[in-house]
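Below is one structure; the comments refer to it alone.
Both backbone and side-chain heavy atoms feed into the values below; hydrogens, waters and symmetry mates do not. By convention in this document, chain letters (A, B, ...) are assigned in the order of the sequence lines, proteins followed by strands, and residues within each chain are numbered from 1.
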Amino acid sequence: MWFVTAFAAMATTEPVVALIDCNSFYASCERVFRPDLQRTPVVVLSNNDGCVIARSADAKPFVKMGEPYFKIKGLLRKHGIVAFSSNYALYGDLSQRVMTVIEGLVPRVEVYSIDEAFADLTGLPTDLEFLGRRIRSQVLQCTGIPVGVGISTTKTLAKLANHAAKTWQRQTGGVVDLRDPVRREKLLRVMPVEQVWGIGRRLTASLQEMHITTALDLARADARTLRKRFSVVVEKTARELRGIPCLELEEVAPPRQAICCSRAFGMRQTELAPIREAVAAYTTRAAEKLRAQRSLCRQLRVSIRTGMFNPDEAKFAKGIVVTLPYPSDDTRLLIRAALEGLEQVFRDGYAYAKAEILLLDLRQRGEFTDDLFAATQPAAAEQLMGIMDRINGRWGRGTIHPGRVSSQPAWGMKQELLSPGYTTRLEQLWRVGCR
DNA sequence: TCTGGGGTCCTAGGACCC
DNA sequence: TCTGGGGTCCTAGGACCC
C-alpha cells in the first residue's frame with residue numbers, strides 16, 4: 001500500500017512555477033518613505049518628466065499610461081494626484097531588497113525584471129497558497145512593497161494567475177493558484193487574448209482576424225498553424241497556456257548581447273559641443289555596464305535625433321557604427337570612437353533632442369581568438385578601469401569621471417519632482433521625529 | 001515649450017560556398 | 001538540350017516585454 005501512495009505522489013509531481021510581481025512598483029517605492037501619501041494617488045514620470053510610466057492603483061482611473069505630463073498637469077492638480085520624477089537609484093535598491101526576501105523563502109528564483117521574479121515551487125511539500133501569502137506578507141513587512149503572487153504549471157500561466165490576483169485583489173488576497181484545470185479554464189475563458197504574456201498589439205489584431213479573442217481560444221488553436229502563420233514564439237505561448245512548459249527558469253542571467261545608453265536631453269541642443277559632452281557621458285555609463293558584466297565590445301553605434309513629435313520641428317536622425325581597433329572596455333577608447341562617429345553624423349541647423357550609444361559585438365574575455373597578431377587591450381587600461389569602478393562603487397557613481405563629462409551639464413535631464421535617495425545617499429537619509 | 005530607456009528573439013532575404 | 005540544391009552567415013526589420 002505504501003508503494004502505491006508513494007508512486008501516486010511521484011506521478012503528481014508536476015512542475016510548479018510562481019510569478020511574484022510588485023504592485024505599481026515605482027509608485028509603491030515613492031510611497032515607502034512617504035506614509036502621508038498612502039491614500040493619495042501617485043504617478044511616476046519618465047526621464048525628463050516626459051510622460052507617465054507608473055501609476056498607483058488609485059491613480060489608474062484618472063491617468064492613462066504614457067500620457068505626456070505637460071498635458072495632464074491640470075488634471076493631476078484637480079484630483080490631488082502627486083507626481084514624481086523617476087528615481088532609479090531608489091527603485092533599484094528597493095528591488096534588490098525585495099528579491100533578497102524572496103530568495104530567502106524559495107529555493108530557485110529567476111529575477112525577471114526590476115519588479116518581477118519567477119520562482120520554481122516544484123515538489124515543495126507545503127501548501128502553496130499559504131506559501132504565496134507568506135511571501136506577500138514577508139516582502140511587505142521587510143520592504144514596504146506590496147506584491148501579488150500567481151502560481152501555475154508554466155510561466156505563461158503563472159503570469160496570467162498573477163494578473164488575476166491583481167485584478168481581483170480583494171477576493172483573492174493577492175494570491176492565485178491556477179493549477180486546478182477547471183479553475184484554469186474558467187479564467188482563460190474570460191481573459192482577453194491581449195492580456196497573455198507575449199501577445200502584443202499587432203498579434204492581437206491578427207489573432208482576432210482568426211477569431212481568436214480569448215486566452216482559451218489561443219490555448220485551443222492548432223499549434224502548427226500558429227507556428228506557420230506567426231512564429232515559434234506564439235506556438236510556445238499557446239502550448240504554455242495548455243500547461244505544457246516551454247520556457248525554463250533562468251536563474252543566472254546570460255551576459256547581454258548589446259548594451260545601450262540612450263537619453264533625451266533636458267532641453268533641445270543645437271551646438272556640437274554640449275552633444276559631445278552628452279555622448280561622452282552616455283558612453284561612460286555604457287562602458288560601466290559593459291565592465292560590470294565583464295564583457296568587451298568591438299563595435300559601437302552612436303546616433304542622434306531631433307524631436308519626433310512636434311510637427312513644427314525639422315526632423316533628422318542619423319547613426320553610425322564605429323569599429324574599434326581591438327575588443328575593449330576602456331572608457332577612454334570608447335569615448336574617442338563615439339566622438340569620431342558623432343562628428344560624422346552631426347549636421348548643423350537642427351535642434352537635437354536625444355543621443356544614443358549602443359555597444360555591439362560583445363564578447364566575454366578570452367572568447368575571441370580570431371587573429372594571433374591582432375592588438376589586444378593593454379593591461380594598464382584594465383587596471384585603470386578597475387580602479388575607477390572601485391572608487392565609483394564605493395563613493396557613488398560619477399565620483400571620478402573622464403574630463404569630457406561635465407558634472408553640471410547644460411543637456412542634463414529635467415527632474416523637477418525627484419524624491420530623495422532615501423536608501424542610497426547618506427545626506428538624503430530619511431529623517432524621523434525631531435523637528 | 002513639452003511625448004522613456006532599456007532589452008530580447010525571430011524571420012526573411014541576400015550573399016556566398018560547395 | 002540542359003543551368004541544382006542545400007547549407008551557413010549576416011543584416012535589417014518587426015514584434016514584444018518591462
Side-chain angles (χ1 to χ4, degrees), chain A residues 19 21-27 43-55 63-74 83-88 91-92 95 110-118 155-156 159 162-163 193-207 226-237 246-247 250 253-269 282 285-286 289-290 293 299 301 303 305-313 315 319 321 351 353-362 413-417:
Chain A
L19 176 70
D21 182 317
C22 304
N23 300 346
S24 314
F25 182 56
Y26 296 171
V43 298
V44 176
L45 306 175
S46 61
N47 278 336
N48 276 318
D49 301 341
C51 61
V52 173
I53 56 167
R55 306 158 298 163
V63 185
K64 274 200 298 225
M65 197 69 157
E67 197 84 348
Y69 176 52
F70 73 93
K71 279 192 186 167
I72 55 162
K73 268 185 183 165
F84 287 96
S85 303
S86 33
N87 183 344
Y88 287 104
Y91 312 151
S95 169
E110 170 188 342
V111 175
Y112 176 69
S113 75
I114 193 164
D115 69 338
E116 281 174 69
F118 286 104
K155 281 182 159 181
T156 306
K159 269 270 196 187
N162 185 288
H163 184 78
V193 74
E194 63 259 38
Q195 299 293 343
V196 174
W197 187 36
I199 305 300
R201 240 183 37 245
R202 292 302 189 88
L203 280 171
T204 299
S206 308
L207 287 169
L226 290 176
R227 182 187 202 129
K228 238 173 138 176
R229 175 90 199 268
F230 305 104
S231 69
V232 288
V233 184
V234 179
E235 183 196 359
K236 281 183 183 174
T237 298
C246 301
L247 306 169
E250 288 168 34
R256 310 219 169 288
Q257 297 164 31
I259 288 174
C260 184
C261 180
S262 140
R263 230 157 268 161
F265 310 133
M267 48 176 23
R268 298 282 189 266
Q269 299 296 328
Y282 297 1
R285 180 67 197 120
K289 294 188 198 175
L290 183 69
Q293 67 163 28
Q299 287 191 323
R301 180 170 198 275
S303 52
R305 60 168 59 240
T306 59
M308 287 289 140
F309 296 96
N310 187 342
D312 301 334
E313 276 181 86
K315 289 182 188 44
V321 173
K354 183 175 180 178
E356 176 176 299
I357 295 292
L358 195 56
L359 304 185
L360 300 160
D361 198 359
L362 307 193
M413 282 191 287
K414 224 188 296 179
Q415 292 187 309
E416 289 165 355
L417 308 163

Practice task
For residues A:Ser46 and A:Ser86, report the shortest heavy-atom separation together with the two atoms involved.
Solution key: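 Minimum heavy-atom separation between A:Ser46 and A:Ser86: C-OG, 3.6 Å.
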
Handout entry: Separation between the C1' atoms of C:dC18 and B:dC2, rounded to whole Å
Key =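 Taking atom C1' in both C:dC18 and B:dC2, they lie 24 Å apart.
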
Problem - Interatomic distance, A:Ile259 atom CD1 to A:Leu358 atom CG [nearest 0.5 angstrom] - result: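 One finds 9.5 Å between CD1 of A:Ile259 and CG of A:Leu358.
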
Problem - Residues A:Asn47, A:Tyr88; criterion side chain to side chain contact (heavy atoms under 4.5 Å, CB included); working and verdict - result: CA-CA 10 Å; A:Asn47 278 336; A:Tyr88 287 104; 3.8 Å; yes

Problem - Between B:dG7 (C1') and A:Leu290 (CG): distance, integer Å - result: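 From A:Leu290 CG to B:dG7 C1': 15 Å.
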
Problem - Steps toward side chain to side chain contact (heavy atoms under 4.5 Å, CB included) verdict (A:Leu19, A:Tyr112) - result: CA-CA 9 Å; A:Leu19 176 70; A:Tyr112 176 69; 5.5 Å; no

Exercise for the section: Tell me, yes or no, whether the heavy-atom count around A:Arg285 atom CZ, taken from other residues, nucleotides or ligands under 6.0 Å, exceeds 12. Expected result: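 Yes, CZ of A:Arg285 has more than 12 neighbouring heavy atoms, counting only those of other groups under 6.0 Å.
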
Problem - Verdict with reasoning, A:Lys159 to A:Glu116, per salt bridge (Lys or Arg N to Asp or Glu O under 4.0 Å) - result: CA-CA 10 Å; A:Lys159 269 270 196 187; A:Glu116 281 174 69; 2.7 Å; yes

Please produce a list of atom pairs where a protein N or O lies less than 3.5 Å from an N or O of nucleotides 11-18 of chain C.
from: C:dA15; atom 1: OP1; to: A:Arg202; atom 2: NH1; distance (Å): 2.9
from: C:dA15; atom 1: OP2; to: A:Arg202; atom 2: NH1; distance (Å): 2.8
from: C:dC16; atom 1: OP1; to: A:Gly200; atom 2: N; distance (Å): 3.2
from: C:dC16; atom 1: OP1; to: A:Gly200; atom 2: O; distance (Å): 3.3
from: C:dC16; atom 1: OP1; to: A:Arg202; atom 2: N; distance (Å): 3.3
from: C:dC16; atom 1: OP1; to: A:Leu203; atom 2: N; distance (Å): 2.6
from: C:dC16; atom 1: OP2; to: A:Arg202; atom 2: N; distance (Å): 3.2
from: C:dC16; atom 1: O3'; to: A:Gly198; atom 2: O; distance (Å): 3.4
from: C:dC17; atom 1: OP1; to: A:Gly198; atom 2: N; distance (Å): 2.8
from: C:dC17; atom 1: OP1; to: A:Ile199; atom 2: N; distance (Å): 3.2
from: C:dC17; atom 1: O3'; to: A:Trp197; atom 2: NE1; distance (Å): 3.3
from: C:dC18; atom 1: OP1; to: A:Lys159; atom 2: NZ; distance (Å): 2.1
from: C:dC18; atom 1: O3'; to: A:Ser113; atom 2: OG; distance (Å): 3.1
from: C:dC18; atom 1: O3'; to: A:Asp115; atom 2: OD1; distance (Å): 3.0
from: C:dC18; atom 1: O3'; to: A:Glu116; atom 2: OE2; distance (Å): 3.4

Exercise for the section: Decide side chain to side chain contact (heavy atoms under 4.5 Å, CB included) for A:Leu362 and A:Gln257; before the verdict, give the C-alpha distance in whole Å, the side-chain angles of both, and the deciding distance to 0.1 Å. Expected result: CA-CA 6 Å; A:Leu362 307 193; A:Gln257 297 164 31; 5.8 Å; no

Problem - Residue whose closest nucleotide on DNA chain B lies nearer the 5' end, A:Ala258 versus A:Ser231 - result: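 Final value for this comparison: A:Ala258.
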
For nucleotides 3-6 of chain B, tabulate all protein N/O to nucleotide N/O atom pairs closer than 3.5 Å, reporting atom names and distance.
from: B:dG4; atom 1: O4'; to: A:Ser46; atom 2: OG; distance (Å): 3.2
from: B:dG5; atom 1: OP1; to: A:Ala264; atom 2: N; distance (Å): 2.6
from: B:dG5; atom 1: OP2; to: A:Lys354; atom 2: NZ; distance (Å): 3.4
from: B:dG5; atom 1: O5'; to: A:Ser262; atom 2: O; distance (Å): 3.3
from: B:dG5; atom 1: O3'; to: A:Ser262; atom 2: O; distance (Å): 3.4
from: B:dG6; atom 1: OP1; to: A:Lys289; atom 2: NZ; distance (Å): 3.4
from: B:dG6; atom 1: OP2; to: A:Ser262; atom 2: N; distance (Å): 2.3
from: B:dG6; atom 1: OP2; to: A:Ser262; atom 2: O; distance (Å): 2.4
from: B:dG6; atom 1: O5'; to: A:Ser262; atom 2: N; distance (Å): 3.3

Practice task
Please give the angle, rounded to 10 degrees, between the axes at the start and the end of the helix from B:dG5-C:dC18 to B:dC18-C:dG5, where five pairs define each axis.
Solution key: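 Between the axes fitted at each end of the helix from B:dG5-C:dC18 to B:dC18-C:dG5 lies an angle of 10°.
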
Exercise for the section: Give one of base, sugar-phosphate or nothing for A:Glu250, where a contact means two heavy atoms less than 4.0 Å apart. Expected result: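 Since no nucleic acid heavy atom lies under 4.0 Å of A:Glu250, the category is nothing.
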
Practice task
Determine the contact category for A:Gln257: base if any of its heavy atoms lies under 4.0 Å from a base atom, sugar-phosphate if only primed atoms, P, OP1 or OP2 are that close, otherwise nothing.
Solution key: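 Touches sugar-phosphate only.
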
Practice task
Name all residues meeting the salt bridge (Lys or Arg N to Asp or Glu O under 4.0 Å) criterion together with A:Glu110; count only those two or more places apart in sequence or in a different chain, and write none if there are none.
Solution key: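 With neighbours one apart ignored, the set is A:Lys155.
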
Distance-only donor-acceptor pairs under 3.5 Å for side chains of residues 226-236 of chain A, two or more places apart:
from: A:Arg227; atom 1: NH1; to: A:Glu235; atom 2: OE1; distance (Å): 2.9
from: A:Ser231; atom 1: OG; to: A:Val233; atom 2: N; distance (Å): 3.2
from: A:Glu235; atom 1: OE2; to: A:Arg239; atom 2: NE; distance (Å): 3.4
from: A:Glu235; atom 1: OE2; to: A:Arg239; atom 2: NH2; distance (Å): 2.8

Residues 193-207 of chain A side chain polar contacts: donor-acceptor under 3.5 Å, at least two apart:
from: A:Gln195; atom 1: OE1; to: A:His163; atom 2: NE2; distance (Å): 3.3
from: A:Thr204; atom 1: OG1; to: A:Gly200; atom 2: O; distance (Å): 2.6
from: A:Ser206; atom 1: OG; to: A:Arg202; atom 2: O; distance (Å): 3.2

Exercise for the section: Give the C-alpha distance, both sets of side-chain angles, the deciding distance and a yes or no for side chain to side chain contact (heavy atoms under 4.5 Å, CB included) between A:Arg256 and A:Lys289. Expected result: CA-CA 10 Å; A:Arg256 310 219 169 288; A:Lys289 294 188 198 175; over 6 Å; no

